[in-house]
Protein chains: 2
Amino acid sequence: MADVAAEAHVSVKTVSRVVNHEPGVRPDTAERVRAVIERLGFRRHDGARLMRQGRTYTIALVVEDLANPFYSQVGAAVEREARIRQHQLITASAEGSPSRERAVIEALVSRRVDGIVVVPADESASSDAVLEASSTPIVYMDRPVRGTPRDTVLSDNHGGVRSAVEHLVAHGHRSIAFFGDDPAFWTARQRREAFVATHQGLGLPGTPRVSMGPHTPASVQETLRRWTDGLESVTAVITGNNRITLAVLLAQRELRLPLSLIGYDDFELAALIDPPVTVVHQDPAAMGQKAAQQLFARLLGDESPAQTVVMPTRLIVRASGVRRGVPTR
Amino acid sequence: MADVAAEAHVSVKTVSRVVNHEPGVRPDTAERVRAVIERLGFRRHDGARLMRQGRTYTIALVVEDLANPFYSQVGAAVEREARIRQHQLITASAEGSPSRERAVIEALVSRRVDGIVVVPADESASSDAVLEASSTPIVYMDRPVRGTPRDTVLSDNHGGVRSAVEHLVAHGHRSIAFFGDDPAFWTARQRREAFVATHQGLGLPGTPRVSMGPHTPASVQETLRRWTDGLESVTAVITGNNRITLAVLLAQRELRLPLSLIGYDDFELAALIDPPVTVVHQDPAAMGQKAAQQLFARLLGDESPAQTVVMPTRLIVRASGVRRGVPTR
DNA sequence: CGGTGGTCAGACAACGCTGTCATGCCGCCA
DNA sequence: TGGCGGCATGACAGCGTTGTCTGACCACCG
């Protein structure tokens, strides 16, 4: 900027004014400055600018794994909201490790990002102190966190599972089982509880059959074999996430079981599997958008108490939920 | 930092030394400073630090759409490389628009990111001047760009298509058609050319049947109907990307065509479709990793001439490639 | 013709940190 | 006892901007 100023025989401040379209520069002066800027290929150094202004116009997204479609859709949505508001997005993976997540968040705070959206690795509010000290706004997604209340965007796990159970029951199923993810995950526990509650609420016979992860394809197959072996055979299965849906589909094909199935999370080509798979759809893009909007509201000075939003799920009915199972009697 | 210095009765420079683990501070002094830092919740302001040092320890990735699995895998790989090297990653979508891409790149250059990985929207080197002036290293991915030679990481489109054609021919197919994407895309043109060349190279009868995009499900279905109607019916189809594979699968199901199929790009659950879909797999993670590595080599001072790397593809053989088609005679 | 107000432009400090150089102190040796 | 070297620490400038304040100049009015 100093170079431009010298070349154009003006002060740096005037160059600054021109660059930022500030008023109070005579058109001919501005033109002269612009010409020099063009000639010298000058670009304002945003780092310096933002330092002066105290804001970085940058937000961050911390997730487990960017390649996971759920997170990548969240990422795309958050990036979009950021771009609309002239902010940049830093994305970072914590790879599911709470300690790495903490380190990542601290690094982001050191960079003075304006705010952070996090899908937390666990429920310990391990970065609370840092966030507090720096008063960096944060929005948690998908899973709540203990400690200081913060803005949180969750998915309606309970409603999603309930809609799945109800759908199966409406199609005549009475013997429904649930494959959940590792109960270390909050969402997995939520979905399990929802399954058990709905199972009992609807007065289905017997104890709810539940198998929680971590699963392997072999363990899923083994469990499935056990459940379909005998008089009280399961006729329908609900899965707790994407990966498990895949495992169940494979096992089912292997064992030639005509089970009904409802998967949690929609997936590409679910419609092309035979039979097309009915799923509980959470809308990651909507969740990401909502989280980003919450964050930006805070950045604009919203001081209201922390808020938890529960996003609805939607049952996408395809063919796999209808009765076609092994008769129970 | 000044606050800490005052509180600990030392100079800011000493605080700086402690924060950065520089030698030349007496242990007891360091300890006192650390205590104050802890008490005050001080965090070094990386923006200021990086400004002083001239590097931002930040790289950027510019793609079309973060939610697209191809790009999200690239993103995850690039982020990983960045994290390993203590850099942050800014991700940005250009949504396929060259002008937006240009704006995005200019913004990144203004932020003085240390380097950029781009999947370019088109072949016009529209950001050349800016990159040149700022001497920001850039690596192009998936598609080359005209203008100044730059590091580029491509996929072996020719080899991928050739392996697909050869696989089909090996299974007795003689009448193979190709559905490509919009020829505005460099990769689409590459794959088309590869198809035509291989078709002729192997001495397959007739003119190669090719349909280029943009496609709609309806247009795909119509074309497919035409090609399978009559004596010279097509028995196998090769698709030019993911989306087209999906469209063909749907059309095929609709029309009840027992076509063989090889898709470009692997996709989740390709193994679960009936029959499981044989695909040409490009490895987005490997491409992203390679691109990031190239970029970091430049950041470390590698001054060698721009380099183009072509990453191999792999044919993942499932069932859909074998002969099962309508007899040609 | 002096005063007033408006327009354009520049000087200067500051954002928070670090690189460079200077300083003070201590111990050691001749 | 004077000189020297090494260690711990600090003063200061500067990274590239922008906010604030000041100043020069001009036009206009009474």
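Order of the sequence lines fixes the chain letters, A, B, ..., with proteins taken first and strands second; residue numbering starts at 1 for each chain.
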(message) So if I apply the side-chain contact (heavy atoms from CB on, under 4.5 Å) rule between A:Ile105 and each of A:Ser110, A:Ser127, A:Ser126, A:Pro120, which one comes out positive?
(response) A:Ser127
(message) Applying side chain to side chain contact (heavy atoms under 4.5 Å, CB included) to B:Ile59 and B:Glu81, what does each step give before you reach the verdict?
(response) CA-CA 10 Å; B:Ile59 64 170; B:Glu81 293 299 311; over 6 Å; no
(message) For B:Gln282 and B:Asp156: C-alpha separation, side-chain torsions, deciding distance, then whether side chain to side chain contact (heavy atoms under 4.5 Å, CB included) applies.
(response) CA-CA 8 Å; B:Gln282 329 183 54; B:Asp156 181 11; over 6 Å; no
(request) Rounded off to whole Å, could you give me the CZ-to-P distance for the A:Arg26 and D:dA24 pair? (result) 17 Å
(request) Go through the structure and list residues passing side-chain contact (heavy atoms from CB on, under 4.5 Å) with A:Leu40, not counting sequence neighbours. (result) A:Asp3, A:Val4, A:Val36
(message) Quick check: closest heavy atoms across B:Thr136 and B:Gly115, and the distance to 0.1 Å?
(response) CG2-CA, 4.0 Å
(message) Quick check on A:Arg298: does its CZ atom have over 12 non-hydrogen neighbours (other residues, nucleotides or ligands) under 6.0 Å away?
(response) yes
(message) When you compare the side chains of B:Ser93 and B:Asp65, does any donor N or O come within less than 3.5 Å of an acceptor on the partner?
(response) no
(message) Output the rounded distance in Å from OH (A:Tyr57) to C1' (D:dT17).
(response) 14 Å
(message) At a heavy-atom distance below 4.0 Å, which nucleotide of DNA chain C is the first touched by chain A, and which is the last?
(response) C:dC8 to C:dG16
(message) Just so I know, are the side chains of B:His87 and B:Phe296 near enough to count as touching, which here means a heavy-atom distance under 4.5 Å?
(response) yes
(message) Show, in sequence, the C-alpha distance, side-chain angles and deciding distance for B:Asn241 and B:Asp265, and conclude whether the side-chain hydrogen bond (donor to acceptor under 3.5 Å, both in side chains) test is met.
(response) CA-CA 6 Å; B:Asn241 73 27; B:Asp265 289 339; 5.9 Å; no
(request) Give the rounded distance in Å between these two atoms: CE of B:Met1 and P of D:dC15. (result) 19 Å
(request) Cation-pi check, A:Arg143 to A:Phe185: give yes when NZ or CZ is under 6.0 Å from the six-membered ring centre and within 45° of the ring axis, no otherwise. (result) no
(request) Give a yes or no on whether B:Arg83 atom CZ has more than 12 heavy-atom contacts from other residues, nucleotides or ligands under 6.0 Å away. (result) yes
(message) Counting only heavy atoms and a strict 4.0 angstrom limit, can you tell me which residues of residues 31-56 of chain B come near DNA chain D?
(response) B:Met51, B:Arg52
(message) Can you pull out every salt bridge (Lys or Arg N to Asp or Glu O under 4.0 Å) where at least one residue sits in residues 12-26 of chain A? Sequence neighbours excluded, please.
(response) A:Arg26-A:Asp28
(request) Under 4.0 Å from any atom of DNA chain D, heavy atoms only: list the residues of residues 104-113 of chain B that qualify, in numerical order. (result) none
(message) For DNA chain C, which residues of residues 11-21 of chain B approach it to below 4.0 angstrom with any heavy atom?
(response) B:Lys13, B:Ser16, B:Asn20
(request) For the pair B:Arg150 and B:Asp128, find out whether any cationic side-chain nitrogen is under 4.0 Å from an anionic carboxylate oxygen. (result) yes
